[in-house]
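Here the structure is a predicted model, which means the values were calculated and not measured.
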There are 2 protein chains.
Amino acid sequence: MATIYQVSELAGVSLATVSRVINNTVPVREATRLKVEAAMQELGYRPNSVAQSLASNRSNSIGIVVSELGGPFYGELLSRIENEFRAAGKHVIIAAGHSNADLERDSIEFLRSRNCDALILHVEAVDDAYLVELAESGLPFVLINRMVAGIEERCITLDNEQGGYLATEYMLQQGHRDIAYISGPLWKHDAQERYNGHQKALAKFGIGENKALFYEGDFQETGGVNGFNHLREQGHTFTALVCANDEMASGAITAVHEAGLDIPEQVAVIGFDNINFSHYTHPKLTTIDYPVAEIGQMAARWVLKRVYQRPIEDLQALFIPQLIVRDST
Amino acid sequence: MATIYQVSELAGVSLATVSRVINNTVPVREATRLKVEAAMQELGYRPNSVAQSLASNRSNSIGIVVSELGGPFYGELLSRIENEFRAAGKHVIIAAGHSNADLERDSIEFLRSRNCDALILHVEAVDDAYLVELAESGLPFVLINRMVAGIEERCITLDNEQGGYLATEYMLQQGHRDIAYISGPLWKHDAQERYNGHQKALAKFGIGENKALFYEGDFQETGGVNGFNHLREQGHTFTALVCANDEMASGAITAVHEAGLDIPEQVAVIGFDNINFSHYTHPKLTTIDYPVAEIGQMAARWVLKRVYQRPIEDLQALFIPQLIVRDST
DNA sequence: GCTATAAATGAAAGCGCTTTCATCATAGGC
DNA sequence: GCCTATGATGAAAGCGCTTTCATTTATAGC
């Protein structure tokens, strides 16, 4: 691999000038630039990014922590983020936190030790205090899908409560009054907020809460299966089932079929997230759209603007979910 | 951030000794090691990985190119690879090739300029010659799901032909004789191989090929829908439908339902890959298992052994697919 | 106790680049 | 044509670490 020194020698200029041509920082005379470019061409020169990082104290890499690498939700998120940074000549280093506080902290430390210029975090388990402290340490990062007091300007969120409200409100508008709810783990912020929305909608229609119609699942498919079965065993009939995400809705649909019931005639089902496969279910799943691609893009642009001083205007911090009506309601 | 110099000063030893403690290369006297460790602790020292990379000419990063970041297949693959490397203190840089030759080449160049120690490639569009040349350039890489002559020792593959064979053979064993086939794009190696397997199974049962029962899809869900509709229009009836991947099978299932036909009574459907959602379909999809997690892990271990000299024994290059029988056949 | 050998440590030269500061060249103002 | 302001270029000092080679210290053998 050719080095900048060889280029400078071949072009008959100093290292500094070659560096200037590469980085386009200080103006270089046209004739000089051409000489240098020709030399780079001839040697097949490509800058050593590690050396650049060391000298400039910029690694041009952005660390990402998500709960899982697999799955449609994170796939879409990562895809969009990578795209955005790639176009800017940055690269992403990805680590999985598995919704576990220790692993999340580990991941963050790991990325930090990799000299990332910034972090994009979708963490669920670490507590607010840790994040506030992290912010104070001077490391730039943006938080996805979580609002933490004290560092609001770093948070990009979906209005989960509004989404939960929309889902249940729609069921109510369709005439349902006995509405069961399968929640995510309530220690997760988004699960709690979606559930709040559900309660709000019920309250608006003057319906009290019924513990027999609530089940706390795990955001997984099996949680949906177990949830539906559990709810039926409670003996309280219901004609509508609101699930806090699509995975659980899918599981619930399977369980409903197995119970010999028809969807939506006997039980209407709604999910949340609008992940890719949600139209693979049968019947196709009505759900709340989570604009994951937009949010991913926004997080990337946040970093581009704040850390790399790119001129970006329209930073948006709060996203509003939308109802997607399909065949399961 | 503390530097190695400060540590050496506080511990009263030289830079070199601190470096030895960090890297555990040359033995250091117990007493000295303890002094150094205490100093590192006190300063909250963490080595600067960029400087390490520059000095050692090792970036401890591995580049990965996959077609897409989203989707269950790549998610699982990436997840496994990341896991394996993380445990080894390495990190991965991920780029998407989008099944497009230019983008694939771009991605590879990009990763290369990032000084990756090795690459793991799941590329479909670049030609064999390019890969052979890349190998000659000295950059270590391993190729997933593709066998290229001349660099066989870098290839980790699934026996796609065997998988295609298994799928169709199963249909034949179930008594089907009119079997339609929805293929992936035949320019993709795996699509071609799976189709070869299909033809082999037919031949074994003495059944000739019928062009009216073949459709070349795109490995996407819509390809399955279009494929089924196209096949029906050909007028040649069939009782079984073999799809070259699960996505298309899922689309086909939707189309079959829409045509008012029952699965598997009127049309049996089989997929390929056994991706996560294949049991979300209704009825649950019979398919061929693609051991994506194992393959990802193996690719990572290949790198660990060949590039980082880790003592790893059981490198496996060829994987054999298996039939997973569910309810769609 | 002294030398021969091995083990532990230190000094210093890079790794390939960026960036500051000084220098040189060019052009404009009078 | 001389002086100054400005733009372009070069010299050289790092960035924080690894690694070679030399040196010092410990261990063993007699």
With respect to E84(B), which candidate in R310(B), K90(B), R301(B) satisfies the salt bridge (charged side-chain N to carboxylate O under 4.0 Å, His left out) definition? R301(B)

Output every pair passing side-chain hydrogen bond (donor to acceptor under 3.5 Å, both in side chains) with a member in residues 3-17 of chain A, not counting sequence neighbours, ordered by first then second residue. S14(A)-T17(A)

Working note: R86(B) + S107(A), criterion side chain to side chain donor-acceptor pair (under 3.5 Å); need CA distance, chi angles, decisive distance, verdict. CA-CA 9 Å; R86(B) 175 86 169 282; S107(A) 297; 2.8 Å; yes

With sequence neighbours excluded, residues passing ring pair (Phe, Tyr, Trp, His ring centres under 6.0 Å) with Y290(B): F73(B)

Do E109(B) and D106(B) come within less than 4.5 Å of each other through their side chains, counting heavy atoms only? no

What nucleic acid atoms does N57(A) come within less than 4.0 Å of, heavy atoms only: base, sugar-phosphate, or nothing? nothing

Atom pair OG1 (T157(B)) and CD1 (I295(B)), whose distance is rounded to the nearest 0.5 Å: 7.5 Å

Could you pull out the closest heavy-atom pair between A101(B) and V126(B), with the gap in Å? O-CG1, 3.7 Å

Both L54(B) and G12(B) contact DNA chain C. Taking the nearest nucleotide for each, which residue is further toward the 5' end? G12(B)

Tell me, which pairs form a side-chain hydrogen bond (donor to acceptor under 3.5 Å, both in side chains) where one or both residues lie in residues 121-135 of chain A, sequence neighbours left out? S67(A)-E124(A), S99(A)-E124(A), E124(A)-K188(A), D128(A)-R146(A)

Residue pair L134(B) / L121(B), side-chain heavy-atom distance below 4.5 Å: yes

In the structure I gave you, are the side-chain heavy atoms of R306(A) and L315(A) within less than 4.5 Å of one another anywhere? yes

First and last nucleotide of DNA chain C in contact with chain A, 5' to 3', at under 4.0 Å to a heavy atom: what are they? dG16(C) to dT20(C)

Mind checking if V13(B) touches a base, just sugar-phosphate, or nothing, with heavy atoms under 4.0 Å? sugar-phosphate

The correct set of residues in residues 16-32 of chain B placing a heavy atom under 4.0 Å from DNA chain D is A16(B), S19(B), R20(B), N23(B)

Mind listing the residues from residues 33-40 of chain B sitting with a heavy atom below 4.0 Å of DNA chain D? Number order is fine. none

